[in-house]
Amino acid sequence: MLASLIVSLSMSYTLLRASDRSLAGTGLRHTSGRIVNGLSESKFSFGDGGETFTISEISDYEEGCGIGRNIWEASVALSCFLASYSESMGRTLEIGAGVGLVGHSIASNSSKARVVMTDHFAPLVDNLASSLLRNDLKATTALLDWREPELADAVASGSFDTVVGADVIYYYPDVKPIAAILQHLLAEAGGTAWIASPDYRAAEIGQALAATLRDKHGAIVDEEKYILVSEVGEIGDEAEQTETDKEDAIVHRRDFFGGAGNDSGGGEPEAGHSIFRVRFPAVAKG
Ligand SMILES: *[C@@H]1O[C@H](CO)[C@@H](O)[C@H](O)[C@H]1NC(C)=O
Ligand SMILES: *[C@@H]1O[C@H](CO)[C@@H](O)[C@H](O)[C@H]1NC(C)=O
């Protein structure tokens, strides 16, 4: 029953600055949900007029995909943030793309960005490639393991203006390689990375990454805290909904995102996320 319930509901997401609850990003709608215990397809769009794109999650039974097989909440937060970010992103690389919500969002929302979505797991990269075809989005994919800089060189012939990563820091041995690969990809052009991580799970390791980038790589790192608010909406008349259905959907949504979020008092779940802006001063030539 839950599966058909979730499919008949929509969520819209708003990102607020934690300091004053001012609006930092809006407009991402998620209009179909997870089929419990199985494969899911989620449709996303920006605003009412934006193109819809479909993200395919990968079944738990598929091997060799790691935890990037699902949509994680920090990718929703970063997608909202970047859609409201007015500067041009230029040549953009996503690390740890997983099922690719952030890369798809950028490719769909910002026509000028040229996006390369990368992940360490080959089946995830295959899934990303077929998803781009299906959504007719002009982005590319590549295998990238940040512990193997020579793979990075194959992807990054030249350098990037922007690197994005959502929920990529959860394992301490990755801090050094992630810091190093950010510098490797960005330093030449004096580019910027946006790294999002959920506070409930990764606050300390986020600080460790920021410190490593500052102390060992000469990066300028700014951190801002945000609150992601999800609002349950209704789409179509496929199911008659009751308040209990809505409450179930909110509880289910929390499970969907690995237990993130709490009740804001208005009946809608909220969760805290940090977004780090990492800049490398451009290297002076000659
Ligand atoms: C990008 O997202 C913003 C914020 O939701 C929206 O206003 C805008 O219409 C979107 N643009 C495109 C091309 O989808
Ligand atoms: C709920 O989450 C928000 C955002 O992370 C946080 O500011 C607030 O303190 C949390 N409330 C409770 C009761 O945990």
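Both counts, for ligands and for their atoms, begin at 1 and track the order of listing.
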Presence of salt bridge, R91 and D161, under 4.0 angstrom: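 Judged by the 4.0 Å cut-off on N to carboxylate O distance, D161 and R91 do not form a salt bridge.
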Please check this pair: side chain of S75 against backbone of I71, looking for a donor-acceptor N/O pair closer than 3.5 Å.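 Flag not set: sc S75 to bb I71 has no pair under 3.5 Å.
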Separation between CG of L78 and OH of Y226, rounded to the nearest 0.5 Å: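 L78 CG to Y226 OH: 10.0 Å, rounded to 0.5 Å.
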Geometry only, no angles: is T26 polar-contacting ligand 1 at N/O separations under 3.5 Å?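 Right, the criterion is met.
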Counting only nitrogen or oxygen atoms and a 3.5 angstrom limit, does E51 reach ligand 1?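 No, E51 has no N/O under 3.5 Å of an N/O on ligand 1.
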Mark whether atom 11 (N) of ligand 1 lies under 4.0 angstrom from at least one protein heavy atom.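 Protein heavy atoms within 4.0 Å of atom 11 (N) of ligand 1 - there is at least one.
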Flag: protein heavy atom within less than 4.0 Å of atom 7 (O) of ligand 1: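 Neighbour list for atom 7 (O) of ligand 1 is empty of protein heavy atoms (cut-off 4.0 Å).
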Taking the six-membered ring for Trp, are W194 and F276 closer than 6.0 Å centroid to centroid?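 Here the rings of F276 and W194 have centres that are no less than 6.0 Å from each other.
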Name of the residue among E224, E73, K225 meeting side chain to side chain donor-acceptor pair (under 3.5 Å) with H273: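 Single pass found, and it is E73.
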Closest approach of any protein heavy atom to atom 9 (O) of ligand 1, naming residue and atom: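 Looking only at protein heavy atoms, the one closest to atom 9 (O) of ligand 1 is N109 ND2, 4.8 Å.
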Closer than 4.0 Å to some heavy atom of A83 - which atoms of ligand 1 meet that?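 Close to A83: 2 (O).
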